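See structure below.
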Amino acid sequence: MAGARQDVVAWFDDHARDLPWRAADRTPWGVLVSEVMLQQTPVVRVEPAWRAWMGRWPTPADLATAPTADVLRAWDRLGYPRRALRLQECARVVVERHGGDLPDDEAALLALPGVGTYTAAAVRAFAFGRRSVVLDTNVRRVLARLSAGEALPAPSQTVAERRLAAAWVPDDDTAAARWSGASMELGALVCTARAPRCDVCPVADRCRWLAAGRPADVYAHRRRAQAWTGTDRQARGRVMALLREALGPVPHDAVAAVWPDSAQLARCLDALVADGLVVREDAAGADPDPDAATYRLPH
DNA sequence: AATTCGGGGTG
DNA sequence: CACCCAGAATT
């Protein structure tokens with residue numbers, strides 16, 4: 001295990017991507033922003049967005065006081081815009097509770113909006129150089145193949161899997177942080193989900209999955225393809241795209257034009273308002289007509 | 001443990 | 001066209 005770790009870290013020293021949130025002048029807050037943006041959004045799409053975002057709001061204090069509409073527009077099409085909302089809430093909590101500086105202990109990080117098990121561990125490792133168990137989709141896949149001999153990890157994490165991952169993390173803070181970055185990078189660049197490049201893998205000769213002849217995914221039948229066309233998520237996305245482009249409040253008729261199913265649209269609008277992503281303003285009058293309402297991003 | 005929540009690139 | 005992407009929050 002220690003030998004495989006050394007090989008992966010040595011490979012990382014030569015092949016790590018030159019990502020801006022890894023630069024020497026990085027800040028803990030910049031690392032956290034990258035991690036939140038990277039929650040289910042690929043690196044190639046995050047990188048330009050992160051550069052623009054950090055140029056505009058370099059510190060938690062900057063983001064905390066920004067107009068939410070600007071924040072949602074800057075988030076653009078990274079997806080799951082509630083993440084942008086939580087990131088701004090996170091900035092406000094950091095300012096109010098931690099004096100504007102990101103905390104480095106696990107519990108305080110986990111208490112921040114939008115920060116879960118993975119993100120807290122990643123920030124501890126990559127922003128503060130502390131030991132933590134960073135178990136994302138990349139590390140899960142690397143360990144599933146290398147250690148368990150399976151094509152892909154189970155749909156959900158298990159206690160045994162976390163225990164295994166923890167056993168792979170060195171005791172030393174610096175070594176642990178390097179292993180976390182290296183194992184993630186190996187999963188992202190070599191040990192990929194679709195077409196793994198076992199020919200250039202630094203631990204191919206130690207991989208149980210490769211040794212077994214790269215058997216098929218045993219969990220394939222339990223994975224559900226994400227439906228998209230006609231879903232609430234697509235409808236919500238249409239509405240958010242419209243409101244991001246709009247200069248002022250958008251009349252109900254214009255919103256209705258982006259989605260054919262009026263009942264579904266009404267349900268999604270209610271949900272967007274409840275989520276704090278959209279503000280509905282009813283027309284003046286004692287008996288407000290729903291069709292006379294306007295919609296906009298929150299200020 | 002299962003659902004919900006965007007959007008786009010790729011084999 | 002199915003699948004995947006540095007997950008989190010809610011139920």
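From a predicted model like this one, the values you see are computed outputs, not experimental measurements. Letters A, B, ... are given to chains in the order of the sequence lines, protein chains preceding strands, and every chain is numbered from 1.
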Task: Pair S132(A)-E106(A), side-chain donor/acceptor within less than 3.5 Å - done: no
Open item on the list: Looking at R56(A) and D62(A), is any side-chain nitrogen of the basic one under 4.0 Å from a carboxylate oxygen of the acidic one?
Closed with: no
TODO: Check whether the side chains of E35(A) and Y118(A) place a donor and an acceptor atom closer than 3.5 Å, and report yes or no.
DONE: yes
Open item on the list: Please report the distance, rounded to the nearest Å, between CG in L85(A) and C1' in dG6(B).
Closed with: 15 Å
Open item on the list: Please compare G237(A) and A195(A) by the position of their nearest nucleotide in DNA chain B and report the one closer to 5'.
Closed with: G237(A)
Open item on the list: Between dC5(B) and dC5(C), how many Å separate the two C1' atoms, rounded to a whole number?
Closed with: 14 Å
Task: Between OG1 on residue T137(A) and CE on residue M184(A), distance to nearest 0.5 Å - done: 9.5 Å
Open item on the list: With no hydrogens and no angle check, just 3.5 Å: does a side-chain donor-acceptor pair link R83(A) and Q40(A)?
Closed with: no
Open item on the list: Donor-acceptor pair, distance only, cut-off 3.5 Å: does the side chain of R124(A) make one with the backbone of R130(A)?
Closed with: no
TODO: Indicate, with a heavy-atom threshold strictly under 4.0 Å, whether R77(A) touches base, sugar-phosphate, or nothing.
DONE: sugar-phosphate
Task: Rounded P spacing from dA8(C) to dG8(B) in Å - done: 23 Å
Open item on the list: Please encode protein proximity along nucleotides 5-11 of chain C as a string of B, S and -, counting only heavy-atom distances under 4.0 Å.
Closed with: BBBSS--
